[in-house]
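What follows is a short report on a single structure.
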Amino acid sequence: MFDRVWLNANLATMQGKGLGILENGAIAAQDGRIAWVGPRAALPGGGIETTDCGGAWILPGLIDCHTHLVFGGDRADEFERRLAGEDYQAILKAGGGILSTVRATRAASEDALLAAALPRADALIAEGVTTVEVKSGYGLEREAELRQLRAARRLAEERPVAVQATLLAAHAVPPEFAGRRADYARLVAEEMVPAAIGLADAVDLFHDPLAFDTADARLVIAAAQRAGLPVKLHGDQHGDMGSAALGAECGALSVDHLEHANAAGLAAMGRAGTVAVLLPGATLFLRETRIPDIAAMRTAGLRMAVSTDVNPGSSPTLSLLLMLNLACTLYRLTVTEALRGVTVEAAAALGLADRGRLAPGLRCDLALYRIARPAELCYWMGRNPCIGRVLEGR
């Protein structure tokens, strides 16, 4: 007798290289793990609690593997000013841009940061997200960065969602280090990374013409490796910095953005098993015309994840389902690539082998949808057909 059983459902298991479709299937859970999955007719026994899904589709719980959910304030005023014709450089000179978010985040208490992040998390949860990665990166000083990480951790205490916290202290150069980028990178490596041990699950950095160069990146990467923390990179977003090759070289879990990555770097990522995380929300919001080289990624056999990049400056979205549509319409991913991108490939981008598929032994994290076929999740814009979630069998 299993703890729980879900019957009369169509399953997209993500097993193999496709969607792993199994119609009229069943899933059984025991102690928070999937104990059995297969055709309903072959189910061995029943469950203490049984749910008739009424023909709904069950996917692995969705995974949003790149977010900045915890931050102070917003930048809606700058958005309005830019639409009215104000030059972005003028906004920056007036103290706008990322540093306005830094000021608001530094001024916010941990409780205030958590309170602001909770409704953002609720929006993702409502669409079927069961695991979310949350980055710091708007404190840009030790205590503010740690405060962001603590608030991220507390999201999992306040809501039924698994949280992966990532230190992104090397996100931008803070104003007090203006003109001293290398000094700040050294501070991140020598003080902030060690201080984040126990709070952070990984270390990220922005390797980009607008942020940190390769020498800076290597300092932070080496510090993460000494701390035993996996590495992720924001890379090749505004120019080809060789981020893809650097990520492959250091064994990064993922390199995210990649709009300007070259084919050789993407091929290196494919050989290294480093995941490409695609962020179409930023492409849309920034009205970028350069998109990642999906053809080169396919040729390289790259694993491609899809995420929201929730942040106040370049991707103020709270819908992973919308990102599925944008990944298909802007980047021309197939339905299979997109749906795998928010399940099994997103799990790989976080180094989580225990979720993202429907298979015995994995966490029983499920998302249930009232749809006729999985393609509807990529097709509709603004529709949320999620009718329920299961987190660790509950």
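Side chains are part of it too, since the values below use all heavy atoms of this structure and drop only hydrogens, waters and symmetry mates. These figures come from a predicted structure and were not determined experimentally.
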Should the pair E345-R303 be classified as a salt bridge under the 4.0 Å nitrogen-to-oxygen rule? yes
With no hydrogens and no angle check, just 3.5 Å: does a side-chain donor-acceptor pair link E78 and S100? yes
Do T308 and H66 touch side chain to side chain, with heavy atoms closer than 4.5 Å? no
Cation over ring, R180 on F177, under 6.0 Å and within 45°? yes
Check T101 against G72 and note the closest heavy-atom contact, atom names and distance. CG2-O, 3.9 Å
Determine whether more than 12 heavy atoms belonging to other residues, nucleotides or ligands lie under 6.0 Å from atom CH2 of W36. yes
For a quick check under 3.5 Å, do S319 and E127 share a side-chain donor-acceptor pair by atom type? yes
Looking at Y138, does the NZ or CZ of R106 lie under 6.0 angstrom from its six-membered ring centre and within 45 degrees of the ring axis? no
Any luck finding a side-chain donor-acceptor pair between T50 and R4 under 3.5 Å? no
May I ask you to check whether D208 and H238 show a side-chain donor-acceptor distance below 3.5 Å? yes
Can you tell me if N8 uses its side chain to pair, donor with acceptor, with the backbone of D52 under 3.5 Å? no
Going by distance alone, is a donor N or O of one side chain under 3.5 Å from an acceptor N or O of the other, for D309 and H68? yes
Can you tell me if D256 and S254 form a side-chain donor-acceptor pair at under 3.5 Å? yes
Could you see if V344 belongs to whatever hydrophobic cluster contains I63? Use Ile, Leu, Val, Met, Phe, Trp, Tyr and a side-chain cutoff under 4.5 Å. no
Do the ring centers of H257 and H207 come within less than 6.0 Å of each other? no
Do D201 and R153 meet the salt-bridge criterion of a basic N to acidic O distance under 4.0 Å? yes
Does a side-chain heavy-atom distance below 4.5 Å link L59 with L377? yes
Salt-bridge contact D365-R389 (side-chain N to carboxylate O under 4.0 Å): no
If you define the side chain from C-beta out and look only at heavy atoms, does anything of D111 sit under 4.5 Å from R154? yes
Indicate whether any N or O donor in one side chain lies under 3.5 Å from an N or O acceptor in the other, for E145 and S136. yes
Contact summary for A196 and L146, nearest pair of heavy atoms: CA-CD2, 4.0 Å
Tell me if a side-chain donor or acceptor on S243 pairs with a main-chain N or O of G235 at a distance below 3.5 Å. no
Between R33 and E392, is there a salt bridge with N-O shorter than 4.0 Å? no
Begin from the C-alpha positions of R218 and E249 and carry the test salt bridge (Lys or Arg N to Asp or Glu O under 4.0 Å) through to its verdict. CA-CA 11 Å; R218 290 189 185 280; E249 176 192 329; 2.8 Å; yes
Salt-bridge present (R394, E49; N to O < 4.0 Å): no
Is it the case that T166 and E133 place a side-chain donor and acceptor less than 3.5 Å from each other? yes
Pairwise side-chain contact, H260 with P292, heavy-atom cut-off 4.5 Å (strictly under): no
Please determine, by modelled atom types, if R355 and T131 share a side-chain donor-acceptor pair under 3.5 angstrom. yes
